[in-house]
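One structure is given below, encoded as structure tokens.
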Amino acid sequence: MDIGVVLQNDPPALGVVEMAKKAEAAGFSHVWTFDSHVLWQEPFVIYSKILDETERVIVGPMVTNPGTRDWTVIASLFATLNEMYGNRTICGIGRGDSALRVLGAQPQTLGQLREAVQVIKGLGSGEKVTLREKELQFAWAPDSRLEVWVAAYGPKALALTGEVGDGYILQLADPDIAAWMIGAVRAAAEKAGRDPMSIKFCVAAPAYVGDDLEHQREQCRWFGGMVGNHIADIVGRYGGDGGAVPQALTDYIKARQGYDYAEHGRAGNSHTTFVPDEIVDRFCILGPVENHLKRLEELKALGVDQFAVYLQHDAKLATLEAYGSQIIPAIK
């Protein structure tokens with residue numbers, strides 16, 4: 001199992017680069033960042049600097065979307081970085097949440113997401129694609145290769161992932177829910193005539209190494225609010241008791257009263273008080289090193305290829321160092 005890290009593009013941007021360098025030195029395989037250009041800094045500028053100052057880590061957004069940039073621009077950004085630094089990028093993508101909603105726009109449709117995945121992957125891998133009845137190809141990037149991993153929770157998005165995605169991103173670390181979601185993606189892949197075992201699976205969630213569980217929960221409660229914000233759309237579309245997503249995901253958001261994107265992805269988010277301790281414990285990985293190893297082994301047994309550590313709390317460096325010195329060597 002690979003271990004990646006997820007960073008916010010908070011200023012100073014060079015601080016993000018330094019954390020990425022520390023992550024590579026600690027043995028992390030991937031450096032992901034948020035992509036919400038109003039709330040945080042522009043990620044692709046930062047990726048170029050990270051790649052220039054590292055040798056091995058793969059970088060990419062968790063996640064970009066088809067709405068804030070033209071799809072050909074997204075593909076060109078990846079292909080350019082690949083030409084410069086040797087195919088060390090990855091594209092995580094979803095319908096779009098904070099990046100679009102703070103602009104007063106709505107997330108893209110699943111149809112747009114499906115086509116965007118195919119266009120971005122094709123162009124980013126040196127292939128010809130057809131877009132708006134035009135045949136396009138980056139003649140300057142024949143050797144670029146790009147995987148596109150789709151972030152999803154709802155049934156139709158999970159099916160789309162199995163049909164066209166190279167990988168699946170699940171933003172929570174509960175093994176029971178992960179098993180449900182992975183099964184849905186694999187079933188869709190098999191139905192589409194793809195090898196279900198060819199799809200890679202990434203579970204991403206806050207991880208905090210330490211002994212003060214109460215403090216860790218408060219630092220990571222924001223994550224349950226973020227997940228709940230995504231799930232609210234699905235519940236609104238399908239209802240909360242129809243089996244569209246696991247019941248554990250729909251039950252806890254009943255007390256949700258709203259969401260403020262000014263606090264999106266931040267510890268201390270005041271709009272996440274509805275998230276109970278049980279959900280924080282299930283969605284995140286908290287506590288001493290042995291807790292982390294136990295959960296990671298459970299996820300690994302389900303077929304998870306990568307766990308990506310969200311470092312949005314007050315012990316970023318300590319957790320990164322604990323993973324590098326104790327957890328990554330053990331899980332490898």
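Along the sequence shown, the residues carry numbers beginning at 1.
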Donor-acceptor contact present, side-chain [X] to main-chain [Y], <3.5 Å:
X      : Y      : answer
Arg95  : Gly67  : no
Gln312 : Val6   : yes
Lys300 : Ile331 : yes
Asn82  : Asp143 : no
Arg114 : Glu163 : no
Ser125 : Leu146 : yes

Pairwise side chain to side chain donor-acceptor pair (under 3.5 Å) hits with a residue in residues 171-189, at least two apart =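 Every side chain to side chain donor-acceptor pair (under 3.5 Å) pair that includes a residue of residues 171-189, provided the two are not neighbours, is Gln171-Tyr310, Asp174-Arg282.
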
What I want to find out is whether [X] reaches [Y] closely enough, with some N-O distance under 4.0 Å, to be called a salt bridge.
X      : Y      : value
Glu218 : Arg221 : yes
Arg69  : Asp35  : yes
Lys21  : Glu24  : no
Lys332 : Asp2   : yes

So do [Y] and [X] actually touch side chain to side chain, heavy atoms under 4.5 Å?
X      : Y      : result
Val227 : Leu249 : yes
Leu158 : Tyr153 : no
His313 : Phe223 : no
Phe307 : His292 : no
Arg88  : Val59  : no
Asp97  : Arg101 : yes
Phe78  : Pro61  : yes
Gln326 : Val209 : no

If every non-hydrogen atom of [X] is compared with every non-hydrogen atom of [Y], which pair is closest and at what distance?
X      : Y      : value
Arg194 : Thr161 : NH1-O, 3.7 Å
Leu299 : Ala178 : CD2-CB, 4.2 Å
Ser29  : Arg56  : CA-NH1, 3.8 Å
Met1   : Val304 : CE-O, 3.7 Å
Met62  : Ala308 : CE-CB, 4.1 Å
Val309 : Ile3   : CG2-CG2, 4.1 Å

Looking at [X], I want to see if its [atom1] is surrounded by more than 12 non-hydrogen atoms of other residues, nucleotides or ligands under 6.0 Å.
X      : atom1 : answer
Glu42  : CD    : yes
Lys316 : NZ    : yes
Lys156 : NZ    : no

ask   = Hey, quick one: are Leu81 and Val45 part of the same hydrophobic cluster, counting side-chain heavy atoms closer than 4.5 Å, chains of contacts allowed?
value =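 Hydrophobic grouping puts Leu81 apart from Val45.
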
ask   = Do the side chains of Val117 and Leu100 join up, straight or via other hydrophobic residues, at under 4.5 Å, putting them in one cluster?
value =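 Hydrophobic grouping puts Val117 apart from Leu100.
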
query = Regarding Thr33 and Tyr47, is there a side-chain donor-to-acceptor distance under 3.5 Å anywhere?
reply =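 Indeed, the side chains of Thr33 and Tyr47 share at least one donor-acceptor pair under 3.5 Å.
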
Report the distance from atom [atom1] of [X] to atom [atom2] of [Y], rounding to the nearest 0.5 Å.
X      : Y      : atom1 : atom2 : result
Leu213 : Tyr208 : CG    : OH    : 10.5 Å
Ser76  : Ile120 : OG    : CD1   : 11.5 Å
Asn291 : Leu293 : CG    : CG    : 9.0 Å
Gln118 : Leu123 : CD    : CG    : 12.0 Å
Met226 : Ile231 : CE    : CD1   : 10.5 Å
Asp211 : Leu286 : CG    : CG    : 12.0 Å

request  = Kindly indicate, with the supporting measurements, whether the criterion side chain to side chain contact (heavy atoms under 4.5 Å, CB included) is fulfilled by Ser144 and Asn87.
outcome  = CA-CA 6 Å; Ser144 177; Asn87 291 335; 4.1 Å; yes

query = Under the side chain to side chain contact (heavy atoms under 4.5 Å, CB included) criterion, do Leu7 and Ile46 qualify, and how do the steps go?
reply = CA-CA 11 Å; Leu7 306 174; Ile46 297 173; over 6 Å; no

task = If the plane angle is over 60° it's perpendicular, under 30° parallel, otherwise tilted; pick one for Phe34 and Trp222.
result =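 Because their plane-to-plane angle lies in the 30° to 60° range, the rings of Phe34 and Trp222 count as tilted.
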
request  = Measure the acute angle between the ring planes of Trp32 and His30, then classify it against the limits of 30° and 60° as parallel, tilted or perpendicular.
outcome  =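 Rings of Trp32 and His30: parallel, as their planes differ by under 30°.
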
query = So Lys200 and Asp166, salt bridge (Lys or Arg N to Asp or Glu O under 4.0 Å) or not? Walk me through it.
reply = CA-CA 6 Å; Lys200 297 175 183 176; Asp166 295 304; over 6 Å; no

ask   = Run the side chain to side chain contact (heavy atoms under 4.5 Å, CB included) check on Val129 and Lys121 step by step: do they pass?
value = CA-CA 9 Å; Val129 304; Lys121 174 180 169 58; over 6 Å; no

request  = Check the pair Leu296 / Ile285 against side chain to side chain contact (heavy atoms under 4.5 Å, CB included), numbers first and verdict last.
outcome  = CA-CA 9 Å; Leu296 291 176; Ile285 308 183; 4.0 Å; yes

